[in-house]
Amino acid sequence: MFLSVFDMFKVGIGPSSSHTIGPMVAAARFLDHLRAQPFKVAGVKASLHGSLAFTGVGHATDRATILGLAGFRADDYDRDKADAEMERIAAEGTVHPDGLGTLTFRPKEHLEFDYGPALKGHANGMILMGTDAQGDVVTQVTYYSIGGGFVLTEDELADGADKEDGAPVPFPFKSAVEMLDMAAESGLSIAEMKRKNELSRISAADLDKGLGRLWQVMNECIDRGLTTDGILPGGLHVKRRAKGIHDALEAEAGVNLTAPHTINDWMSTYAMAVNEENAAGGQVVTAPTNGAAGVVPATIRYYIDHVPSATTAKISDFLLTAAAIGGLVKFNASISGAEAGCQAEVGSAAAMAAAGLCAVLGGTPEQIENAAEIALEHHLGMTCDPVRGLVQVPCIERNGLGAIKAVSAASLAIRGDGTHLVPLDAAIETMRQTGADMSEKYKETALGGLAVNIPNC
């Protein structure tokens with residue numbers, strides 16, 4: 001089983017990897033589908049289903065779909081150009097993707113939010129259609145946004161593409177047990193095994209450059225969040241708090257008798273900075289999702305800024321180790337809030353961050369596996385109940401607490417010798433089962449929990 005570090009961590013835009021980046025990726029794939037057809041279409045239509053419908057407006061799924069059909073991509077997104085194009089599409093009712101000419105697309109008429117039963121393949125489903133001059137559908141493809149920006153067609157999902165092993169790699173572990181066995185046999189760390197797997201696909205120079213860019217985007221996102229205030233969009237009037245907290249912490253720096261628990265405020269504000277940027281539609285790195293994008297960067301920033309022995313040279317090992325754990329979670333359970341609740345998002349992110357931190361603190365493979373298990377175990381059952389369907393409440397603070405749990409889990413694991421009662425594989429399987437049992441009200445539909453107990457206006 002191989003999921004690249006660049007699959008688990010993707011540069012994209014907020015507020016949601018499954019609801020924003022995924023639909024944009026699906027639209028790009030659909031445009032390629034249209035270009036490959038022997039006939040020319042005159043227009044396009046789209047319908048959103050399941051969680052993409054129920055919380056689509058709050059997650060900017062409509063905007064992402066519109067821009068995706070216009071040819072925009074998440075990895076090189078230009079906000080100013082996108083805003084101008086949205087205005088033009090609304091006024092003219094057309095899109096002009098490369099190689100397809102002018103296509104009729106009036107969003108109010110041709111973009112449907114279907115609030116009926118979800119499509120059978122996944123909670124995040126969408127159907128993209130090409131139409132003739134009379135507006136009749138001549139070709140259509142069903143796509144599923146399965147979390148973290150991963151997108152599969154209906155046929156790919158039915159064929160098991162989400163569980164494919166892919167081409168052989170030197171260390172093809174599909175479980176934590178296999179990962180530990182391979183580490184013991186090879187004498188390599190988890191990061192070293194993951195690096196060798198990556199190098200079977202790309203060059204060392206490209207790998208190092210890519211890892212460097214991931215941390216650069218993460219770190220710049222933190223810095224933007226720490227220096228920006230104001231009110232987040234969406235109608236809840238949520239005030240950005242990361243800058244204010246950070247300014248207060250900076251003012252307290254060096255003051256005698258600062259309470260030890262203040263370190264938690266530093267971790268929280270780093271994470272909140274990222275998720276406030278995400279909520280505002282800024283550039284973030286899925287880690288492994290946008291809704292959980294703050295946990296891993298905050299934990300790395302904690303390591304760099306607050307751990308005396310820290311060195312930036314180890315950030316690549318952090319990311320590789322975290323990606324190895326994230327791959328296990330995605331392959332054996334889910335990283336999608338719409339599929340398994342927030343345990344699959346912030347829980348997975350905390351497990352990844354705990355493993356990465358444990359690795360750069362000198363943890364053994366067994367201690368790293370223990371750190372990931374502790375972090376994931378104590379997010380089991382966490383629901384996804386965003387107020388008004390926005391990735392703001394409780395998501396922003398939740399990332400801060402996820403980072404705190406990740407650091408605590410890594411610290412506890414380092415204090416032990418790696419032996420523990422609950423294996424990581426058992427925690428992952430428990431998360432999968434819990435997600436399967438969880439009511440749809442608590443899976444990113446905004447139909448239960450805080451979403452219905454907090455006034456939306």
Side-chain angles (χ1 to χ4, degrees), residues 15-19 22 48-56 58-59 61 114-126 144-148 150 152 157 162-163 286 288-293 295 325-326 328-352 372-399 401-402 405 422-454:
S16 171
S17 50
S18 60
H19 287 59
L48 306 174
H49 301 259
S51 179
L52 293 186
F54 283 106
T55 60
H59 287 75
T61 305
D114 188 322
Y115 299 107
L119 300 178
K120 62 181 180 180
H122 191 276
N124 293 330
M126 62 190 301
Y144 293 108
S145 181
I146 62 173
F150 291 88
L152 295 175
L157 190 65
D162 57 330
K163 300 298 182 183
T286 64
T289 66
N290 282 33
V295 178
I325 298 302
L328 294 179
V329 177
K330 184 182 185 304
F331 187 76
N332 293 297
S334 177
I335 57 170
S336 167
E339 189 173 26
C342 198
Q343 59 172 355
E345 296 206 27
V346 171
S348 298
M352 294 165 64
E373 183 279 322
I374 294 170
L376 181 59
E377 179 183 347
H378 297 291
H379 283 89
L380 290 176
M382 181 175 281
T383 59
C384 183
D385 50 354
V387 176
R388 207 172 187 175
L390 298 167
V391 193
Q392 297 180 16
V393 179
C395 320
I396 294 170
E397 286 181 353
R398 188 168 284 176
N399 275 257
L401 273 292
K405 285 187 182 182
V422 180
L424 175 58
D425 289 330
I428 292 173
E429 173 58 15
T430 301
M431 191 259 276
R432 186 195 67 78
Q433 293 176 7
T434 303
D437 292 339
M438 189 179 289
S439 168
E440 296 301 317
K441 294 191 300 183
Y442 305 112
K443 294 183 183 181
E444 211 167 355
T445 58
L447 296 175
L450 286 176
V452 299
N453 287 301
I454 299 298

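- Asn399 places a side-chain N or O within 3.5 Å of a backbone atom of Gly291 that can act as its donor or acceptor partner.
- Across every non-hydrogen atom of Cys342 and Thr383, the tightest pair is CB-O, 3.1 Å.
- Not counting sequence neighbours, the partners of Phe54 by the ring pair (Phe, Tyr, Trp, His ring centres under 6.0 Å) test are Tyr115.
- A donor-acceptor contact shorter than 3.5 Å is absent between the side chain of Ser18 and the backbone of Gly147.
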### Message
For Thr61 and Leu48: C-alpha separation, side-chain torsions, deciding distance, then whether side-chain contact (heavy atoms from CB on, under 4.5 Å) applies.
### Response
CA-CA 9 Å; Thr61 305; Leu48 306 174; 3.8 Å; yes
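- Under the side chain to side chain contact (heavy atoms under 4.5 Å, CB included) criterion, Ala333 pairs with Ile428, Met431, Arg432, not counting sequence neighbours.
- Applying the side chain to side chain donor-acceptor pair (under 3.5 Å) test to Thr286 and every residue at least two apart in sequence or in another chain returns nothing.
- Residues passing the side chain to side chain donor-acceptor pair (under 3.5 Å) test with Thr289 are Glu345, sequence neighbours excluded.
- A donor-acceptor pair is defined here as one N or O able to donate and one able to accept, closer than 3.5 Å; such a pair exists between the side chain of Gln343 and the backbone of Gly381.
- The NE2 atom of His379 sits 8.5 Å away from the CG atom of Leu376 when rounded to the nearest 0.5 Å.
- Checked by atom type and distance alone, the side chain of Lys405 pairs as donor or acceptor with a backbone atom of His378 at under 3.5 Å.
- Qualifying salt bridge (Lys or Arg N to Asp or Glu O under 4.0 Å) partners for Lys330, counting only residues two or more places apart in sequence or in other chains: none.
- A distance of 11.0 Å separates CG of Asp114 from CG of Leu52, quoted to the nearest 0.5 Å.
- The side chain to side chain contact (heavy atoms under 4.5 Å, CB included) test applied to Ala372 returns Ile325, Ala351, Ala355, Leu424, not counting sequence neighbours.
- Scanning for side chain to side chain contact (heavy atoms under 4.5 Å, CB included) contacts around Leu157 gives Tyr144, Leu152, Asp162, with sequence neighbours left out.
- Nearest heavy-atom pair, Ser348 versus Ile335, reported as atom, atom and distance to 0.1 Å: OG-CG2, 4.0 Å.
- Remark: His49 pairs with Ser47 by the side chain to side chain donor-acceptor pair (under 3.5 Å) rule, at least two apart or across chains.
- Note that the CG atom of Leu401 and the CZ atom of Arg398 stand 9.0 Å from one another [nearest 0.5 Å].
- Smallest separation of non-hydrogen atoms from His122 and Ser145: CE1-O, 3.5 Å.
- In this structure, Pro15 and Gly58 approach most closely via the heavy-atom pair CG-O, 4.2 Å.
- Of the possible polar contacts, one joining the Asp385 side chain to the Leu450 backbone as a donor-acceptor pair under 3.5 Å is found.
- Looking only at side-chain heavy atoms (C-beta outward), Ile454 and Val393 stay at 4.5 Å or farther from each other.
- Closest heavy-atom contact between Pro394 and Pro386: CD-CA, 4.2 Å.
- Under the rule for a side chain to side chain donor-acceptor pair (under 3.5 Å), the partners of Ser334 that lie at least two apart in sequence or sit in another chain are Glu339.
- Here Thr55 pairs with His19, Ser51, His59, Glu444, Ala446 under the side chain to side chain contact (heavy atoms under 4.5 Å, CB included) rule; sequence neighbours left out.
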